Amino acid sequence: QVQLLESGGGLVQAGGSLRLSCAASGRTLNSYVMGWFRQAPGKEREFVSRIIWSSGSTYYSDSVRGRFTISRDNAKNTVYLQMNSLKPEDTAAYYCAATVRRDTLTSVRTYNYWGQGTQVTVSS
């Protein structure tokens with residue numbers, strides 16, 4: 001079992017920055033892929049970014065590439081999402097997720113461990 005706890009959400013003006021954190025407990029993460037997803041009101045949960053813990057390989061959705069950066073801290077068992085140049089359309093609940101699978105890593109269904117989410121609101 002992996003327990004995930006997100007933090008760092010809040011209210012920010014357009015153009016601003018936030019850093020989300022996801023602290024993992026219960027397992028070492030060397031076998032896992034960590035993902036960030038988001039869900040806006042009335043919309044489906046969508047992929048944002050992922051990192052393969054062992055290699056540090058990263059991937060981003062087109063909507064955030066160049067603005068967001070995912071990273072991990074081995075010593076703290078924590079994954080981060082640095083969000084810069086935020087836009088009102090980035091407003092959503094952001095969720096951290098984990099999986100040991102290596103296929104379809106942009107799909108919600110691939111991940112079997114989830115945090116409870118942290119709200120990000122970007123005002124115009």
Side-chain angles (χ1 to χ4, degrees):
Q1 288 281 352
V2 176
Q3 292 81 42
L4 303 173
L5 181 63
E6 303 98 334
S7 62
L11 173 64
V12 64
Q13 288 189 331
S17 298
L18 282 174
R19 188 178 78 156
L20 305 184
S21 300
C22 172
S25 60
R27 291 278 178 92
T28 57
L29 297 178
N30 207 48
S31 300
Y32 285 81
V33 177
M34 304 298 294
W36 283 99
F37 290 77
R38 66 186 182 186
Q39 187 167 18
K43 294 189 176 182
E44 293 188 353
R45 193 168 296 188
E46 65 172 6
F47 170 79
V48 174
S49 182
R50 63 88 175 141
I51 185 167
I52 298 176
W53 194 274
S54 58
S55 66
S57 169
T58 61
Y59 184 75
Y60 301 89
S61 68
D62 289 343
S63 61
V64 308
R65 188 174 291 115
R67 300 188 297 124
F68 291 11
T69 302
I70 191 171
S71 62
R72 86 260 197 248
D73 185 323
N74 287 312
K76 295 182 178 180
N77 235 31
T78 298
V79 63
Y80 302 99
L81 187 68
Q82 177 67 43
M83 306 186 295
N84 298 329
S85 302
L86 283 162
K87 305 175 181 179
E89 51 263 44
D90 294 318
T91 295
Y94 282 72
Y95 297 89
C96 178
T99 183
V100 295
R101 293 172 56 176
R102 291 294 187 270
D103 61 298
T104 55
L105 292 174
T106 61
S107 172
V108 170
R109 289 185 291 273
T110 301
Y111 296 79
N112 51 340
Y113 298 105
W114 292 86
Q116 65 268 58
T118 185
Q119 179 66 35
V120 172
T121 302
V122 184
S123 63
S124 58

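Predicted, not measured: the structure shown is a model, and the values here were computed from it.
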Is the closest side-chain heavy-atom distance between [X] and [Y] below 4.5 Å?
| X | Y | answer |
| --- | --- | --- |
| C96 | W36 | yes |
| E6 | Q116 | yes |
| Q119 | T91 | yes |
| R101 | N112 | no |
| V120 | R38 | no |
| V100 | Y113 | no |

What's the spacing between [X] [atom1] and [Y] [atom2] if we round to 0.5 Å?
| X | Y | atom1 | atom2 | result |
| --- | --- | --- | --- | --- |
| K87 | S63 | NZ | OG | 8.0 Å |
| S124 | E89 | OG | CD | 10.0 Å |
| L86 | T121 | CG | OG1 | 10.5 Å |
| Q82 | S49 | CD | OG | 12.5 Å |
| Y111 | R45 | OH | CZ | 12.5 Å |
| Y60 | L81 | OH | CG | 7.5 Å |

**Report entry** Stacked cation flag R65 on Y59, 6.0 angstrom / 45 deg
**Finding:**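 That pair qualifies as a cation-pi contact.
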
Query raised in the report: Counting only heavy atoms not in R109, do more than 12 sit closer than 6.0 Å to its CZ atom?
Result: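 Open.
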
Query raised in the report: Hey, does the side chain of T99 reach the backbone of T110 with a donor-acceptor pair shorter than 3.5 angstrom?
Result: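 Yes, T99 side chain to T110 backbone: donor-acceptor pair under 3.5 Å.
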
Requested in this report: Please check if the side chain of T78 supplies one atom and the backbone of K76 the other of a donor-acceptor pair under 3.5 Å.
Outcome: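 Pair found, side chain donor or acceptor close to backbone of K76.
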
Report task. For S85 and S17, work out which heavy atoms get closest and say how close. Result ->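 Heavy-atom minimum between the residues: N-OG, 4.3 Å.
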
**Report entry** For R72 against I51, the heavy-atom pair lying closest together
**Finding:**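 That would be CD-CD1, 3.5 Å.
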
Side chains of residues 18-35: which donor-acceptor partners sit under 3.5 Å, not counting sequence neighbours?
{"residue": "S25", "atom": "OG", "partner": "Q3", "partner atom": "OE1", "Å": "3.4"}
{"residue": "R27", "atom": "NH1", "partner": "Y32", "partner atom": "OH", "Å": "3.4"}

Query raised in the report: Do L105 and V2 share a hydrophobic cluster (ILVMFWY, side-chain heavy atoms under 4.5 Å, transitive)?
Result: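 They do not share one cluster, since no chain of ILVMFWY contacts under 4.5 Å joins L105 to V2.
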
Requested in this report: Can you run down the ring pair (Phe, Tyr, Trp, His ring centres under 6.0 Å) pairs that involve residues 62-107, sequence neighbours left out, and say none if there aren't any?
Outcome: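 Applying ring pair (Phe, Tyr, Trp, His ring centres under 6.0 Å) to every pair that reaches into residues 62-107, excluding sequence neighbours, yields nothing.
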
Query raised in the report: Would F47 and V64 count as a side-chain contact (heavy atoms from CB on, under 4.5 Å) if you check the C-alpha gap in whole Å, the side-chain angles of each, and the deciding distance to 0.1 Å?
Result: CA-CA 10 Å; F47 170 79; V64 308; over 6 Å; no

